2 protein chains.
Amino acid sequence: MEIEIFRKFLSGRGLKLTNQRVAVFNEIFAFHGHFEPERLYLKIKDSGTRASRASVYRTLNLLVESGLVEKITRTEKGNVYEHTYGHRHHDHMVCEVCDEIIEFYSEKIENLQDEICRKNNFRGVSHTLEIRGYCGKCGRQR
Amino acid sequence: MEIEIFRKFLSGRGLKLTNQRVAVFNEIFAFHGHFEPERLYLKIKDSGTRASRASVYRTLNLLVESGLVEKITRTEKGNVYEHTYGHRHHDHMVCEVCDEIIEFYSEKIENLQDEICRKNNFRGVSHTLEIRGYCGKCGRQR
DNA sequence: AGTTTAATTGAAATTTAATCTCAATTTCAA
DNA sequence: TTGAAATTGAGATTAAATTTCAATTAAACT
Ligand SMILES: [Mn+2]
Ligand SMILES: [Mn+2]
Ligand SMILES: [Zn+2]
Ligand SMILES: [Zn+2]
């Protein structure tokens, strides 16, 4: 279970798996998709558990450090995250009109990136490839 | 000249090429590289011209809309821009230690992206590919 | 040249995501 | 049970970016 990974990550740092942290964790892993911290905070609030904004943000950062969650992009109105554990790495297309996010993965692009890193004597650790434009629905309307 | 393009862009909108706008433009096109709005503002201040922060930000947005300048990434401490007119599109590798930015371009990756867009019925307009990791210098030290 | 009109400017206020502060509370191992 | 250490949350703070709005400037039109 993913929660065990989180627990181990925490105890490795002398930190505790508190109710608030569990609440944040559960809300994030309850669905697959992208989310913003503020909406996450509100969802937790709705679910009945009490966890302050400060705790939500703090836990989110811990989850990112643990590798279970990734910050996938920074929009004008803040960061966007997704839980990545158990999901294959992928990149995103974002519709500029309706904000729809389409996920994609290209082995070829991944390999080309590795090649470019080697050529430049650069040790790549992570990357973000975001294509912005118009989704099928919104593209048609112009 | 690039300034003519800007002038035309402005007049097409009924806007004027003022001293402040010229100052922002000149400072940006005086060198090739990446910059943050605040540093740009300070450089203009140093150069003697008077232009408020508000004007710098406003002009920067106009330059982006005109296509002469691009917002290339959003860091924790704000946006990073570069003037792109006359420069071929390229992507970036960013060293997590020293913040060095290495530019690269891959025709193959560009083509693969176009292909993926077609497949997903997505009209790609722009993209950002940022590889994070360790540059040669900083990678050696670990 | 003088008048009208619209755009522009800048100082300060505002917005907003995210972080920080710190006193009170909780946790847990000894 | 006790004490050290971690955690929490309400509110303060930070900082990038935008907005406000009265004063100024530039152009367009008699
Ligand atoms: Mn995704
Ligand atoms: Mn560049
Ligand atoms: Zn759309
Ligand atoms: Zn480096």
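Predicted model only: the values in this text are computed from it and were never measured. Convention: sequence-line order gives letters A, B, ...; per-chain numbering from 1.
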Between atom [atom1] in [X] and atom [atom2] in [N], what is the gap in whole Å?
X	N	atom1	atom2	answer
A:Asn79	D:dA16	CG	P	15 Å
A:Lys16	C:dA29	NZ	P	8 Å
A:Glu76	D:dA16	CD	P	16 Å
A:Leu60	D:dT7	CG	P	16 Å
A:Arg74	C:dT19	CZ	P	11 Å
B:Arg58	D:dT20	CZ	P	11 Å
B:Tyr41	D:dT18	OH	C1'	16 Å
A:Arg53	D:dT7	CZ	C1'	19 Å

More than 12 heavy atoms of other residues, nucleotides or ligands under 6.0 Å from NZ of A:Lys71: yes or no? yes
Give one of base, sugar-phosphate or nothing for A:Glu36, where a contact means two heavy atoms less than 4.0 Å apart. nothing
NA contact type, A:Asn19, heavy-atom cut-off 4.0 Å: base, sugar-phosphate, or nothing? nothing
Note: B:Glu38-B:Arg53 ion pair, threshold 4.0 Å (strictly below): yes
Residues A:Arg13, A:Glu65: salt bridge by 4.0 Å N-O rule: yes
Mate of C:dA6 where both pairing distances stay under 3.5 Å, Watson-Crick or G-U: D:dT25
Taking pairing as Watson-Crick or G-U wobble with both contacts under 3.5 Å, can you name the mate of C:dA29, or confirm there isn't one? D:dT2
Of the nucleotides C:dG10, D:dA17, D:dA10, which one has an atom closest to the side chain of B:Ser52? C:dG10
Given D:dG9, C:dA11, D:dT7, which nucleotide is nearest the side-chain atoms of A:Leu15? D:dT7
Strictly below 4.0 Å: does A:Tyr57 bring a side-chain N or O up to OP1 or OP2 of C:dT19? no
OP1 or OP2 of C:dG10 less than 4.0 angstrom from a side-chain nitrogen or oxygen of B:Gln20, does that happen here? yes
Which is more 5' along DNA chain C, the nucleotide nearest B:Ala51 or the one nearest B:Gly14? Just name the residue. B:Gly14
Assign each of B:Ala54 and B:Thr18 to its nearest nucleotide of DNA chain D by heavy atoms, then name whichever residue's nucleotide is nearer the 5' end. B:Ala54
Value rounded to 0.5 Å, distance of NE2 in B:His34 from CZ in B:Arg39: 11.5 Å
Does the gap between the ring centers of B:His89 and B:His127 come in under 6.0 Å? yes
